[in-house]
Structure formats: C-alpha cells, structure tokens
Amino acid sequence: MSPSAFPASAAIAGVYEHPSRFSPNKTEFQIMAECAKGALDDAGLTRSDVDGLFGASMSMGLMGIVDLAEYLDLRPDYMDGTNIGGSSFVAHVTHAAAAIHAGLCEVALILYGSTAASNSMAIGTGGSGGSRNPDTAFFSPYGMTTVGSYAMYANLHMNTYGTTSEQLAEIAVTMRRHALLNPHAKMRSPISTDDVLGSRMISRPLHLLDCCIISDGGGAIVLTSAERARDLPKPPVRILGCGEAVQHQGVGRSDLLTIAAKQSGQNAFNMAQVQRSDIDFAMIYDSFTITVLATLENLGFCEPGEGGNFVSQGGISLDGMLPVNPDGGGLSSNHPGMRGIFLVIEAVKQLRQECGERQVSNPEIALAHGTGGTIGDKHSGATLILGVDK
Amino acid sequence: MNEIKHPLPYASWESRGFWEGAGRGDLVLQQCRKCGLVQHRPRGLCAHCLESDNLEHFVASGKGEVYTFTVTEQNQAKGFAEACPYVMAYVTLEEGPRILTVITDCAPDEVSVGAPVRASFVAQDRDDGERFAVPVFRLD
C-alpha cells in the first residue's frame with residue numbers, strides 16, 4: 001500500500017481513556033474535555049493544533065458537535081457528529097482519516113464522554129415503554145428491551161447451531177479474567193461459568209453476567225497525517241483497512257443471524273489485504289456475551305455456528321488463538337453506553353506495547369469492531385484494521 | 001403474572017391501515033401491485049419501487065410461526081414490569097414478512113422456535129376515538 005494512499009496516509013498519534021468509572025460531580029462535556037487534554041498530551045500536540053472535531057454521546061442531540069466545539073472554545077475547519085450508536089467512534093476514525101487524506105483537516109480530535117452510571121441509566125432493561133411516535137408503535141407495545149433483542153438473537157443461534165449457555169458464559173469469564181489485569185477495570189473479582197449461569201435471568205437465555213456493566217467514562221483519539229505522526233513522540237498506529245455497514249429488519253425478511261460486521265469486516269479485510277490469521281488480537285464490542293460470538297462468526301474468524309467451540313476452547317483468551325478485549329471489555333472494564341472509542345484506544349495502546357500485565361505478546365496487526373444499536377433489531381457496524389508503523 | 005398493559009399505539013397515515021385493521025380483528029399487510037413485494041412494517045410507498053401509487057392493503061391470514069423468542073424476566077417499563085415473565089417474539093407470517101410481537105395465553109416453557117401461531121387482538125381502552133387493537137399471537 002502506498003504511504004500516500006488512503007487509509008495509510010493518516011495515523012493515530014494519541015489516545016486517552018478516562019480512568020474514572022464513576023464521576024458524579026462531572027458533566028459529559030467536562031469528561032470529554034479532560035479526555036481531549038489527555039489524548040493531545042499523549043500525541044505531543046496542543047488544542048491549537050486541532051482543526052478537525054469529531055464526537056458523539058448519548059445526550060448530544062441536534063447540533064451537538066457545535067455545542068461541543070463551543071464548550072472547548074474550538075473553531076475547527078472540519079466537524080463530524082455522526083452518531084450510529086456505540087460504533088460511532090470506530091467510524092469517526094475512518095471519517096477523520098478520509099478528511100485528513102482529502103486535506104480538509106490535519107489534526108483530528110475524536111471525543112466521547114458519558115455519565116450513564118451516575119445518572120442511574122437503565123440502558124438494557126429500561127424497556128421501550130409508552131411512545132406517541134408512530135415509528136416506534138411497532139415495538140413499544142411489545143416490551144422490546146435492548147437485552148431482549150440480543151436474547152432473541154442468542155436463542156435463534158442456540159436453536160440453529162446448538163450453542164450453549166455454558167459457551168456464552170465462557171466469554172464473560174474470559175473478559176473478567178482479563179479485567180483482573182487492568183487496574184482501571186470496574187469489576188475486579190474473578191467469576192466462574194457457574195457464577196454466570198447462576199446469576200439472575202434478565203431475558204432468556206441471557207443472565208445478568210451475560211450483560212455488560214454500566215459505568216461512567218470517556219475517551220479521546222487524535223489522528224494526523226502519517227507523515228506528521230512520525231515526528232510526534234508516540235509511535236504512530238497505521239490504519240490498514242476500514243469498513244462500515246448497517247443491518248436492520250428491512251421489509252421484514254432479514255436473516256437475523258447475519259449482522260453488520262459481515263459486510264464492514266469484509267470491506268476492511270479487502271482494503272487491508274490481510275488474512276484473518278494475520279490479526280494478532282481483536283477488540284470486539286461486548287455489550288453482551290452473544291455479541292462477541294456473533295461478531296467473531298460474522299467477521300470470519302470462525303464459521304457460522306462455530307463461535308461456541310471457538311470460545312470454549314480458549315480462543316479469545318489472552319494466551320489464545322485470537323486474544324479479545326485484553327482490557328476486560330464492556331463486560332468487566334467499562335461500559336458508559338457507547339463503548340466504541342475504548343476499542344480503538346486499547347488497540348492503539350496494545351500495538352504500542354504499553355499495557356503491562358495485560359499486554360498481548362508483540363502484536364503488529366489488530367482489528368477493532370464496534371456494534372451500535374441492537375443486533376436482533378437494527379444496528380450499525382464499523383471495523384478498523386490497525387497496524388504498527390513499519 | 002399480570003397481563004401486559006400495552007402502551008397505546010399511535011398511527012401516522014403510513015401505518016393507519018395496520019392499526020385500524022387490527023381494531024377490526026384483521027392483520028393487515030401491504031403489497032406492491034407493481035413488484036409484488038409484501039412489506040412490514042408499513043410505509044407510504046413500496047420500499048423497493050420507491051413509488052407511492054401502487055401500494056394496496058390486504059388482510060393477511062394471521063397465521064405464522066415463531067422465528068425466535070425470549071422470555072423477558074426484567075423490564076422496568078410501566079405495563080411490562082408487572083407482567084414479567086412474558087414472551088417477546090418474532091413471528092414469520094405466512095405471507096413472508098416477520099413481525100415483532102408477544103406470545104400470550106400460554107406458559108413461557110410451551111413456546112418453541114418454529115411453533116405455529118395465530119394472531120389475536122387486544123382491544124385498547126383509549127379516549128381519542130381510535131378503535132385500534134394490538135395484534136398478539138397465540139400458539140395454534
């Protein structure tokens with residue numbers, strides 16, 4: 001790939017994950033601003049270098065990106081408030097790289113912040129209660145919840161392929177084992193498959209410990225041209241491939257088991273010109289245990305229906321064939337509602353070999369896949385393949 | 001276990017045919033006269049032809065089978081919290097489209113993927129003159 005071609009022409013120069021998991025005395029924008037400072041410091045840049053602003057959150061509405069620019073007193077040349085759910089920030093990296101490649105900006109800042117935990121948000125089980133919106137009238141009368149949608153996917157997967165609750169539990173246990181190595185992780189005591197299977201049922205077949213936690217948090221990513229990134233203090237992380245996709249009920253005939261990751265992943269692999277076996281570790285949005293299994297299959301790391309065996313044979317463990325979420329993921333480290341930014345941040349830190357006890361051994365190529373919305377209903381997918389600079 | 005108190009559905013001109021049909025005890029779907037597409041949920045035009053003039057409503061059989069389901073044990077929303085556990089499901093209708101619904105009048109353990117089901121209609125108590133009902137499904 002030519003260094004001047006998209007997407008190699010842009011690189012990630014700095015990242016920052018907010019260490020707090022509970023911030024009752026901070027606002028969402030305040031968390032985003034603290035993260036901006038952290039990522040710019042990491043990149044060896046200052047706020048006056050920023051000419052591209054990207055961001056999303058659960059409360060930023062119409063013109064939210066303009067509100068964010070005002071809060072930071074920034075006047076960027078390029079802005080993008082794309083919100084496609086939790087995968088937004090993975091997509092923002094693609095959009096920022098494209099903008100840098102096109103010469104529309106040179107230093108792009110991507111921001112996320114949330115006070116979901118301190119606001120006591122019931123993200124998964126708040127239900128879709130009363131609604132006067134004709135568009136939601138086709139699910140609000142039926143008690144659709146986020147976890148219920150994923151549970152219907154899980155049940156179909158079990159019926160189609162014989163996947164078991166024990167196999168799903170193995171994913172939660174692995175994420176918790178990884179979290180024990182992450183000093184910032186919210187959940188820091190070990191669990192067993194029996195603990196997962198014995199935890200209260202939320203929406204069959206998903207138990208409490210099949211569901212991600214709810215935390216506060218935030219993060220930031222700084223991108224610039226690959227050329228400029230080489231002169232900055234941290235080793236640049238290159239973008240090798242990217243893809244975005246959407247999946248939904250359409251006119252009522254979608255194959256529920258095919259998720260957006262299939263399309264976005266294939267596009268990213270085609271662009272990167274790498275094989276599944278070249279990926280040293282993966283950051284996969286783990287809103288629920290089933291999300292990981294569905295994503296592994298749809299990205300092509302195993303055949304449809306083989307996800308259960310893949311995880312129960314230790315495939316996603318730190319020492320496994322494809323280490324997944326060394327930080328402990330949304331199941332055990334942090335999940336403030338839209339987790340996509342942490343997938344990229346951890347991938348970058350791992351590729352820079354800054355992760356201490358949870359460090360994957362000498363990684364060169366990583367994949368990050370974010371899911372936004374709900375599989376089993378409608379959702380977006382965004383995939384990035386990232387690599388060390390060579 | 002209490003019965004679900006379904007939030008009242010509200011209709012636009014695009015979806016009125018469905019909800020009025022349900023009020024008469026009919027499951028109403030849309031078909032494009034031009035390309036033959038049967039679509040759900042309803043729209044003001046055929047989603048494939050993108051033309052508004054060829055769409056007609058018809059009364060479907062009300063029969064289908066369970067595509068997948070979940071037994072909801074926790075939902076904090078009013079009308080559902082008291083009704084847990086309840087069975088939320090996708091039903092594939094005989095005419096092709098899939099519909100989100102609840103399976104009622106049975107124990108959750110009686111429901112299985114592929115089980116034949118038939119629509120029934122829960123009348124709504126409302127004060128705006130609409131005679132809508134919420135289609136739910138029972139094991140057939």
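Within every chain, numbering begins at 1; the chains are lettered A, B, ... in the order of the sequence lines, protein sequences first and strands thereafter.
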Considering only heavy atoms, which portion of [X] lies under 4.5 Å from any heavy atom of chain B: side chain, backbone, both, or neither?
X: A:N159; value: side chain
X: A:S149; value: backbone
X: A:L256; value: both

Please flag which part of [X] lies under 4.5 Å from any non-hydrogen atom of chain A: side chain, backbone, both or neither.
X: B:I99; answer: neither
X: B:Y90; answer: both
X: B:V38; answer: both
X: B:A11; answer: backbone
X: B:A89; answer: backbone
X: B:R43; answer: side chain
X: B:E95; answer: backbone

Centroid-centroid distance, [X] to [Y], less than 6.0 Å:
X: A:F301; Y: A:F310; answer: no
X: B:H6; Y: B:F132; answer: no
X: B:H40; Y: A:F138; answer: yes

What I want to find out is whether A:R204 reaches B:D109 closely enough, with some N-O distance under 4.0 Å, to be called a salt bridge.
yes
Is the closest basic N to carboxylate O distance between B:K34 and B:E51 below 4.0 Å?
yes
Kindly indicate whether the side chain of A:Y153, heavy atoms from C-beta on, has any atom under 4.5 Å from the side chain of A:L257.
yes
Quick one: which of B:L93, B:V122, B:V113 has the most heavy-atom pairs under 4.5 Å with chain A, could you say?
B:V113
Can you tell me which of B:R41, B:Q39, B:R16 forms the most heavy-atom pairs within a distance under 4.5 Å of chain A?
B:R41
Would A:H379 and A:T374 count as having a side-chain donor-acceptor pair, cut-off 3.5 Å?
no
Does B:R98 count as lying over the ring of B:Y67, i.e. NZ or CZ under 6.0 Å from the six-ring centre, within 45 degrees of the axis?
yes
